[in-house]
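What follows is one structure encoded as structure tokens, with my remarks underneath.
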2 protein chains.
Amino acid sequence: MKIAVDTMGGDYAPHEIVKGSIVGAHENGVDLILVGPEKTLQQELVKYDIQGINIDLVHTDEWLLEGEPPAYTLRRKRNASILLAVKQVKAGKADAIVSAGPTGGVLAAALEVLGTVEGISRPVFGGCFLGLAPQMFAADLGGNVDVRPDQLLDFAVVGTVYVRKTLGIQNPTVALLSNGREDGKGNELTKAAVPLLKQSGLNFIGCVEGHDLVAGTANVIVCDAFVGNIIVKFGEGLGKAIINLIKEELKDKLANDGINSLADKIFSATNIADSLGGGPLLAVNGVVCKGHGRSQAEEFAKVIGQAKFFAENDLPGSFQAELAVAKSKVGITQG
Amino acid sequence: MKIAVDTMGGDYAPHEIVKGSIVGAHENGVDLILVGPEKTLQQELVKYDIQGINIDLVHTDEWLLEGEPPAYTLRRKRNASILLAVKQVKAGKADAIVSAGPTGGVLAAALEVLGTVEGISRPVFGGCFLGLAPQMFAADLGGNVDVRPDQLLDFAVVGTVYVRKTLGIQNPTVALLSNGREDGKGNELTKAAVPLLKQSGLNFIGCVEGHDLVAGTANVIVCDAFVGNIIVKFGEGLGKAIINLIKEELKDKLANDGINSLADKIFSATNIADSLGGGPLLAVNGVVCKGHGRSQAEEFAKVIGQAKFFAENDLPGSFQAELAVAKSKVGITQG
């Protein structure tokens, strides 16, 4: 198995990215295609033991800078490292690609070169975003703001496949986020989506409410990204505000260590960006894994492992197959 | 000033309701119309010093029971205490009406008898719902699920008037809840509402995000009730889960008193139903104040004071006048 790496993406590129790639390659027994300025890469590589790893270099002098508008910039920088790295997958030279570059850039390159899997028009942003409910995957939390009912079905399929692969839950429960569980509750969108989800063959348990996100009432909870984005940011804000309240309240009652340990726990329980900054781009037609921008070697090595896992398990192929099954059950023609 | 009271609504009716009405009448210098079974009311009244309060009794043997479908039941129980109490306002015999009965019943009676103020088709549910942001009013949190852009304007006007009257902020800031602040973010609904809010003459500061609810970035934040309901329940759930996490985490580190005091603070900071259970029905054409179902005398007396305040300040008239101004500015014909 061979993983392509955009060595110029991320706050600590290329040093920590190259180092993390080597560590990850050793740990996971994979080979590498490193995309970046050849001389720099060679200078980095001599620092490490690379015996047993097959490493190809793909030279480029261009890469995306943080803050550059990604889609626009990619039209000018046709040799941007992320673009060349993704092309390794398209050309069949690599099985997956990993980057810690700007999300928008990774996404734009992935969409331009690989596109989405058949049956879905746009990538899905989702994840097990809430520490309090680690077995609850929610989507869409990204760019799918005004959606059709059948797109909520897409998110449910993507979530089901993702939870099955990553959490090992064979028949994940699926729910639709709404303003009440009873018939008659919901908005026009969710009311139209309920019959689709019922017929989909997914393990649909019905509509759930805001507190069910916290309780993890279902393994997969779907909503449009307008709602998803507001929830994610509201939860983050609430977590941080409660941490401040606790620090103020306990400062004369508990030692700093105790306060900080509690604050860390609440942060992990509520903070979301951390989990969303990384992971595979869902529903893209190829395995594209994004590391956090601030990834250092150790974390980046883990993303290499993720990429191998998702390539071995054919995440894109599974999405496509399950989408086709669900859509045929609800009578939507694929394509 | 005369306040009509539905003495048969609430978990502790009629005893605590009558007692609270007397206390509230003394404190606020108002007269009362008590609606309920005459003999029971007379037996209650002899327990208290009622000197100086002008009290009329309106007899009925019917009232709504908790759990009865409100609209349906009101069609059968034409002498329900809530219905007769609201009719006192309609007939000009009372300046406001107060009930601790089921919300649905109070609402159905108010809508049947009084209707909404001119320029708005449905009542608005909103409040300063988050303890962390006590000067932030959000609406709609109730029944307005699929809304038009001009209804978001309605919520903004209602919130502006409410905040001005209750918090004394003369020119409250108004924002639209969205998935980003930048142009291009938002869904079809919010994108269509932005120009209306800009032209409305309200102190509109733009779009805000989920974390701005916590920060209280604006005094009035509007959204549709699908989003509002999910947020309220997500916030409640998150607050309760964090309280559990803290109790577990601190049980060997802090005395019970300290833990409970912290838990109470977090509950007040995040719990919402408490504040939403009471208060005036917004945009109803008359002052209708709802006490919590579990109100005892002391709390009910406060609602009597609220009712006086909103009647003195002509809350419905202010809504109507401000709605007319805002709608004329955006070119919507009233009616």
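To find a chain, count down the sequence lines: A is the first, B the second, and so on, and within it residues start at 1.
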Problem - side-chain contact (heavy atoms from CB on, under 4.5 Å) between B:Cys207 and B:Lys191, worked out - result: CA-CA 10 Å; B:Cys207 290; B:Lys191 284 176 185 167; over 6 Å; no
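- Both the backbone and the side chain of B:Leu238 come within contact range of chain A, with heavy atoms under 4.5 Å apart.
- Of the residues A:Asp140, A:Leu176, A:Val227, A:Thr190, the one that meets the side-chain contact (heavy atoms from CB on, under 4.5 Å) test with A:Val222 is A:Leu176.
- Ranked by heavy-atom pairs shorter than 4.5 Å toward chain A, the options B:Asn187, B:Asn229, B:Val214 are led by B:Asn187.
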Practice task
Test side-chain hydrogen bond (donor to acceptor under 3.5 Å, both in side chains) on B:Thr173 and B:Asn203 and set out the steps.
Solution key: CA-CA 5 Å; B:Thr173 49; B:Asn203 188 8; 5.5 Å; no
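- Heavy-atom distances place both the backbone and the side chain of B:Ile246 under 4.5 Å from chain A.
- The greatest number of non-hydrogen atom pairs below 4.5 Å with chain A, out of B:Ser178, B:Gly258, B:Cys223, is found for B:Ser178.
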Problem - Residue pair B:Leu254, A:Leu250: steps toward the side-chain contact (heavy atoms from CB on, under 4.5 Å) verdict - result: CA-CA 10 Å; B:Leu254 199 66; A:Leu250 294 182; 3.7 Å; yes
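- Both the backbone and the side chain of B:Leu177 come within contact range of chain A, judged by heavy atoms closer than 4.5 Å.
- Of the listed residues (A:Gly210, A:Gly237, A:Gly186), the greatest number of heavy-atom pairs within a distance under 4.5 Å of chain B belongs to A:Gly210.
- Using a 4.0 Å cut-off between charged nitrogen and carboxylate oxygen, A:Glu209 and A:Lys185 do not count as a salt-bridge pair.
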